[in-house]
Structure formats: C-alpha cells, structure tokens
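Because only heavy atoms are used, hydrogens play no part in the values below, and waters and symmetry mates are left out as well, while side chains stay in. Since the model is a prediction, treat every value here as computed from it, not as a measurement. Labels below follow one simple rule: chain letters A, B, ... track the order of the sequence lines, proteins then strands, and each chain is numbered from 1.
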2 protein chains.
Amino acid sequence: MKTELESDRDYSQQIAQTIRDAIVAGDLPVDGRLPSEAELAARFNVSRPTVREALKRLAAQNLIRTQRGATGGAFVNRLSFEQAQEHMVTTATLLLSMNRVDFETAVEARFALERACLPLACTRRTPSHLASLRAEIARQATAGLTDEEFCASDVAFHRALVEAAGNPVLSWHMAGAVEAMQPLMNMITYTARSRAQIVALHARLTYALAEGGLEDCYATMDALAAYTLELGGEIRARRQAKGRAGQGADP
Amino acid sequence: MKTELESDRDYSQQIAQTIRDAIVAGDLPVDGRLPSEAELAARFNVSRPTVREALKRLAAQNLIRTQRGATGGAFVNRLSFEQAQEHMVTTATLLLSMNRVDFETAVEARFALERACLPLACTRRTPSHLASLRAEIARQATAGLTDEEFCASDVAFHRALVEAAGNPVLSWHMAGAVEAMQPLMNMITYTARSRAQIVALHARLTYALAEGGLEDCYATMDALAAYTLELGGEIRARRQAKGRAGQGADP
DNA sequence: TAGCCTGATATGTCTGACATATAGGATTCG
DNA sequence: CGAATCCTATATGTCAGACATATCAGGCTA
C-alpha cells in the first residue's frame, strides 16, 4: 500500500482513497484487521485525528467497522446486500428529490426495470412468494388504511414480486428503484376507487404469475404503469399550479 | 434540528445522522451552507474534531462539499447523477466480489435489466446514439486490442445503448449493473473468434435499433446473453478447479 | 481607477492528554 | 485444582488548544 501523500490535497481523503483501493483490489481480506490508528498515523506520517477522519469516511460507506477495546480496531466489512440496499435507497431518494426528476421519468424507469423481472419471476416463483404477494394484497384491501400505509404495502408487494425472480443482484437494483419511489408515491392521494383498481391489478398480476401467463404478466404490469401515471397526473397539475403561483417554472 | 445526543453511542455518527436526515428531509437547501465547525461543535456540545469526523462521513457520501477560506464552510451538495453513478459502480463491484456472486447470476441480472431498456431505446434512439454505437463497434473490430481494451469498449457500447433509452434514472441504474460487471468480464479471454461473434451481435443489435425491429432487438440481446454465459463457462471451470485445489467449496 | 495589502474567518492539521471498552492474564479464594 | 475476580495492556472515542493555510472583503496606495 502506498504511503506517500501529495501535499496539496486533503490528507484524510487521500488516505481513505488508498485504503479503499486496497479493499476493492482485495489486498485486505474481508474481516481482516487494519493497523491501529496510531500505526497508520506513523505509516502515513500524519496525526491520529487525520487518520481517524479517513477511517470515518470509510465507515460511512460501510467499508469498515470499528471496535473498541484491546482486540479492537478497524475491520474490513463484508458488504452485505442489505446494507447496500439501504444505502442505495437513500441515494436514489436524494437523486430523485434533488434533481427534480419528473414523476413520469421515475415511473417509466421503475416499471421498465420491474418488467424485466417478470420472465424470471414467472419461472421461479415459489408458493411462499405467492403467499407473500397475496398477504400484501389482503392488507391493501383492508379498510381504514392511511395513504402511507397503503403505499408501504404497495412497496412490499413489489419487493416480494422482485424477490420471486430469485436473483439477489436484481433484487438489490430493484430495491433502489422501487423504494426510492415511495416519497413520490406518498404524494398521491388514493381514493377508494383507485385503491380498488390497484388491488385488482395486483391480484391479476399474482394470478398470472401463479398460473403461468407471462404475456398476461406483461400486460398487467403495463396497465399498472399506465394507471400509476394517470394517478400521478394530479401531482403534476398541483406542482405546476404551485410553481406558477410561487417561484416560477423551471428554467 | 435536534442537538441532544445519546451518550452511549458515537457522537460523530449521531451528528452525521442528524445532519443527513435534515438534508434528506429538505430542511437544508441544496448549495446551502452549514454552520461552521466551531458553531456546530458548540451547538451539539462536542469538540471540533468530533464535528469534523461527522462532516467527513457526510463528505464521503457526497452529501456535502467543504471549502476553505473566509467564505468557506460545508455546503449541501446537489447529488449529481454522475457522482451517484461512480459511487454505485464501486458499491456494485464490491458487492459482486465480496459475496462471491456467480458469473451466471450477475449476467442474468445485467441482461434482464438491459433488456428492459430496449423498448424505450427503440423509440427514442437518435442518429447521435446510433453513431456512438457504431463507433464502439468499429473500435472493437480493430486488430491488436488487448482484452481489457476490448472489454472497456464493450462497456462503452452498452452504456451508449442505455443512453439511447433517454431516461436518466434508468441510465443511473444501468451504469451500476453494466460497469460493475467489468471486473468479471475482464476475466474472460477473448479469442479472435469470440470477438468477431460479439461484434456481429453488436452490429445486429444496432441495425435492429436503427431499422425498428423491437423483436429483433430482444432476440439479439438474448443471443448476446447466451453467448456471454457460454464464454463465462470457462471462468466457472477455472474457479472450481482452484476451489478444489485450494480452500474447498463454499459451505 | 486599478492594483496591492491586510485582517477576518474558515477549514486542515498537529500535539498531548484523558476517558472508556475489552480481552487476556495474574491473582485470590473456595 | 478450579472458578471467579481483579488488573493491566491496548485500542478507539473524545477533548482542549494551538498553528498553518486558503480565501474573500475592504481599505489603502500609486
């Protein structure tokens, strides 16, 4: 591992980059222990706080974990799909909100990706997957649900659908796409009528998945996408109204 | 913003979490300036190094940038698609390598997702997109390319293909899926014959995109996926051989 | 008016110290 | 002899104060 640092850039950033590269390259094995902060400080010829800042950067990316005590130190993390999903969701959420991504664009991407899971889900779905789907449908049909609860169950339904494809890499990608949409979906006000429509489509999708009609799966997914866009129309209208009244349209 | 901290957990982590929540919730506007380190230290009742560690955590996630000088400080970053893509690629790469994801699983996910871009790409591709695709094909056909160069061009081709779908959210997702595969693809040894085969499929895909045959696009993509799996077969064989000779099979 | 200079303010870094968690060995008691 | 307890070494977590350095703003000078 290189220990020389350029003098005109942040030391802590360079150190973090050096260690990160070592981890990515596989030079540091998973669960391996990094040298102690004092030793790293000596090796890079910087002070301990500087090393600590570098380590905190890595910790923020879930690349290492730290442990206090005699046998403590910084250890290389096995990046789990779960952790990565969490991270991906917050990143995706921020991306959508900070870049003022249209509802339409986000919905288009999300359903395009979800559509890609259908062929695999059709051949691999197990009874357990179908049970999860039906459980969420039942939940969505219960009366008295707030919009947020309905929306959360909707997300759970789609996550279960993605899980049915049986590919963890795919699931990871989709988690970001689906969950990041939740804040946008939460802006929708679900009437009893629209809920019934969505539940019906979910049920039809589940049926198609169970009884084996890929074409029907596609058609239902497309219908769901179209209906979501329709529901989202009011958001666009509201936003434009607000934009006109307030700070003007986007440049 | 809350300023009370639990005494039994890392202060720097709690502070980072507090500020992150504020950013995600939109309480801190993009390009807005955070209080100075000294002020944050006073507000949270901790020392400046502790605040700095918290800020470094946020900087590592591209949530803030810092600037020295009189008008300097920490500013909320507009999370750009580019930055997020970079981040996503390293995360995806680590996920694949650290979790020993099969070549098959990764390829399956990648082509499933890429397949999802085809309908959009078919209707939206511009002459400029097609030119990019053809440029990469030409590059791939040149003699004397190293395997890595060929592989890089392959990635560029697929990125251009995804771009043709004209959806930035989709592009962001796909960048992670496609680029993270590069280390795995680099393990393939491309013979002249396999290169010719790939170039031919790329050309056919580009033609289908240009002349408007979505079905042909799908078919070609599937052929490409199948051929990639075929090429990857040797990797699996090599890995199994190494596994048997060395540390044994996975538990 | 144009250019330079200086001070204020902020981050980047260093030094040294203390607090605290933890494992493992030494000690003591049943 | 065994088990519970204490002690100590080592590591991270935190603090305080200081200096170095980058940068802008405003005043000063030619």
Side-chain angles (χ1 to χ4, degrees), chain A residues 1-20 23 28-29 31-77, chain B residues 1-20 23 28-29 31-77:
Chain A
M1 184 156 45
K2 274 203 324 191
T3 57
E4 297 90 36
L5 303 176
E6 300 168 26
S7 62
D8 57 339
R9 274 176 45 215
D10 278 13
Y11 289 157
S12 72
Q13 191 174 349
Q14 293 181 63
I15 294 171
Q17 186 67 47
T18 302
I19 299 178
R20 171 169 35 243
I23 294 177
L28 298 170
D31 290 332
R33 183 176 169 284
L34 268 65
S36 73
E37 293 175 354
E39 195 173 334
L40 285 173
R43 217 183 276 188
F44 286 106
N45 204 25
V46 297
S47 67
R48 196 158 80 91
T50 303
V51 167
R52 280 182 63 79
E53 288 181 6
L55 293 179
K56 294 312 165 198
R57 294 179 117 108
L58 300 176
Q61 301 176 309
N62 281 320
L63 285 176
I64 62 171
R65 62 183 181 281
T66 56
Q67 200 176 333
R68 291 176 72 170
T71 59
F75 300 84
V76 178
N77 246 340
Chain B
M1 183 155 45
K2 272 204 326 192
T3 58
E4 297 92 35
L5 303 177
E6 300 168 26
S7 62
D8 56 341
R9 274 176 43 214
D10 279 12
Y11 289 158
S12 72
Q13 191 173 350
Q14 292 180 64
I15 294 171
Q17 185 68 47
T18 301
I19 299 178
R20 172 168 35 243
I23 294 177
L28 298 170
D31 290 331
R33 184 177 168 284
L34 269 63
S36 73
E37 294 176 354
E39 195 173 335
L40 285 173
R43 215 183 279 188
F44 285 106
N45 205 26
V46 296
S47 68
R48 195 157 82 91
T50 303
V51 167
R52 281 183 62 79
E53 289 182 6
L55 293 180
K56 294 313 164 197
R57 294 179 116 108
L58 299 175
Q61 300 176 305
N62 280 320
L63 285 175
I64 63 171
R65 63 182 181 281
T66 56
Q67 200 176 332
R68 290 177 72 170
T71 59
F75 299 85
V76 177
N77 244 341

Could you tell me whether the side chain of B:Glu53 and the main chain of A:Arg52 form a donor-acceptor pair under 3.5 Å? no
Quick check: does any side chain N or O of A:Glu37 sit under 3.5 Å from a backbone N or O of A:Val51, one acting as donor and the other as acceptor? no
Side-chain (A:Arg33) to main-chain (A:Gly72) donor-acceptor, under 3.5 angstrom: yes
Could you check how far CZ of A:Phe75 sits from P of C:dA23, rounded to whole Å? 10 Å
With sequence neighbours left out, the residues meeting side-chain hydrogen bond (donor to acceptor under 3.5 Å, both in side chains) with A:Gln67 are none
Over all heavy atoms of both residues, which pair between B:Pro35 and B:Arg43 is shortest? Give the atoms and the distance, please. CG-NH2, 3.6 Å
To the nearest angstrom, the CZ-P distance between B:Arg65 and C:dA10 comes to 17 Å
Going 5' to 3' through nucleotides 7-17 of chain D, assign each nucleotide B (protein heavy atom under 4.0 Å from a base atom), S (under 4.0 Å only from sugar-phosphate atoms) or - (no protein heavy atom that close). --BBSBBBB--
